[in-house]
S.K.: 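Let me give you the structure first, and then I'll get to my questions.
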Amino acid sequence: MGEAFSGIGRIGQVRIAVSDVDRAVAFYRDVLGMPFLFQFPGMAFFELGDTRLMLVDPESRDFGGQSVIYYEVPDINAAHEWLAARGVQFDDRPHVVHKDDAHEEWMCFFRDPDDNVLALMSKVPLA
């Protein structure tokens, strides 16, 4: 991290609320032919070019029923500071949500003026 931030320019992930994750996986993977990545209880992920699609059962996880757009940024701390300085009220601070052998995935959440949930996301390579 440490890059200057000058604005959001890329969608990294879109979350769609579904009532049955297994049924939704069958539709998105088998009917629509989307490239399936992985699945956890209550959620599944697909890779669509540079954008990831997340299907989630809001009843099985504490996500709420809204769909969410996740904006990918190179430096989540710089983006958080830049947006906060412009009056964005965040629900939380940047934090790690996933870690594997190659990187950590960081996120933080905020809302637009109509209370739609939005998020920043950043993949940070492990040293």
Side-chain angles (χ1 to χ4, degrees):
M1 290 195 218
E3 297 180 36
F5 184 76
S6 61
I8 292 173
R10 176 168 147 36
I11 293 175
Q13 177 171 288
V14 175
R15 182 183 87 191
I16 298 176
V18 299
S19 61
D20 181 323
V21 173
D22 291 330
R23 183 181 67 193
V25 165
F27 175 77
Y28 283 87
R29 181 190 59 211
D30 302 336
V31 176
L32 298 182
M34 290 185 180
F36 178 76
L37 285 174
F38 50 87
Q39 186 171 351
F40 296 113
M43 66 176 94
F45 297 85
F46 294 82
E47 193 68 39
L48 302 169
D50 291 335
T51 303
R52 190 168 56 196
L53 175 65
M54 174 187 187
L55 305 177
V56 64
D57 176 356
E59 298 298 319
S60 68
R61 314 249 333 160
D62 188 22
F63 284 122
Q66 289 186 321
S67 295
V68 177
I69 297 175
Y70 296 74
Y71 297 101
E72 189 169 345
V73 295
D75 183 331
I76 196 166
N77 290 313
H80 180 269
E81 289 177 21
W82 191 83
L83 292 169
R86 284 156 179 74
V88 172
Q89 298 293 312
F90 283 86
D91 295 345
D92 55 7
R93 298 204 42 83
H95 59 280
V96 175
V97 297
H98 176 72
K99 182 178 180 179
D100 61 25
D101 293 339
H103 72 277
E104 292 178 334
E105 190 156 331
W106 288 68
M107 290 185 184
C108 61
F109 295 85
F110 60 104
R111 295 170 188 271
D112 73 7
D114 291 305
D115 208 33
N116 294 304
V117 178
L118 304 171
L120 299 178
M121 64 185 288
S122 186
K123 289 184 181 180
V124 180
L126 294 176

S.K.: Contact between E47 and R52 at the side-chain level, heavy atoms closer than 4.5 Å - yes or no?
M.R.: yes
S.K.: Quick check: do S122 and L120 have side-chain heavy atoms less than 4.5 Å from each other?
M.R.: no
S.K.: Name each donor-acceptor pair under 3.5 Å that joins a side chain in residues 87-97 to protein atoms two or more places apart or in another chain, with its distance.
M.R.:
from: D91; atom 1: OD2; to: R111; atom 2: NE; distance (Å): 3.2
from: D92; atom 1: OD1; to: F109; atom 2: N; distance (Å): 2.7
from: H95; atom 1: ND1; to: R93; atom 2: O; distance (Å): 2.8
from: H95; atom 1: ND1; to: M107; atom 2: O; distance (Å): 3.0

S.K.: Taking atom CZ of F46 and atom CZ of R29, what is their separation to the nearest 0.5 Å?
M.R.: 6.5 Å
S.K.: Taking all atoms of both residues into account, what is the closest heavy-atom pair of D57 and S19, and its distance?
M.R.: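 In this case the closest contact between D57 and S19 is OD2-O, 3.8 Å.
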S.K.: Just wondering, do F5 and E81 contact through their side chains at under 4.5 Å, heavy atoms?
M.R.: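 Heavy-atom side-chain distance check fails, nothing below 4.5 Å.
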S.K.: Within this structure, what is the CG-CG distance for the pair L126 and D100, rounded to the nearest 0.5 Å?
M.R.: 7.0 Å
S.K.: Can you confirm whether L83 sits close enough to I8 that some side-chain heavy atom of one is under 4.5 Å from a side-chain heavy atom of the other?
M.R.: yes
S.K.: Do V73 and H80 come close enough that some side-chain heavy atom pair is under 4.5 Å?
M.R.: no
S.K.: Look up atom OH in Y28 and atom CZ in F36, then write down how far apart they are to the nearest 0.5 Å.
M.R.: 14.0 Å
S.K.: Under the rule for side chain to side chain contact (heavy atoms under 4.5 Å, CB included), what residues qualify as partners of I69, not counting sequence neighbours?
M.R.: I11, Y71, L118
S.K.: Would you compute the distance between atom CD of E72 and atom CD of Q13 and round it to the nearest 0.5 angstrom?
M.R.: 9.5 Å
S.K.: Taking only residues two or more places apart in sequence or in another chain, which ones pass side chain to side chain donor-acceptor pair (under 3.5 Å) with R86?
M.R.: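 Expected list: none.
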S.K.: At what distance, to the nearest 0.5 angstrom, does CG of D75 lie from CH2 of W82?
M.R.: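 D75 atom CG to W82 atom CH2 measures 13.5 Å (nearest 0.5 Å).
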S.K.: Just how far is it from atom NE2 of H98 to atom CZ of F40, taken to the nearest 0.5 Å?
M.R.: 6.0 Å
S.K.: Please report the closest heavy-atom contact between L53 and L48, naming both atoms and the distance.
M.R.: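 Closest heavy-atom pair between L53 and L48: CB-CD1, 3.9 Å.
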S.K.: Show the nearest heavy-atom pair for residues W106 and V124, with the distance to one decimal.
M.R.: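 What the structure gives for the nearest pair is CD1-CG2, 3.6 Å.
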S.K.: Grab the two heavy atoms, one from R10 and one from D50, that are nearest each other, plus how far apart they are.
M.R.: NH1-O, 2.9 Å
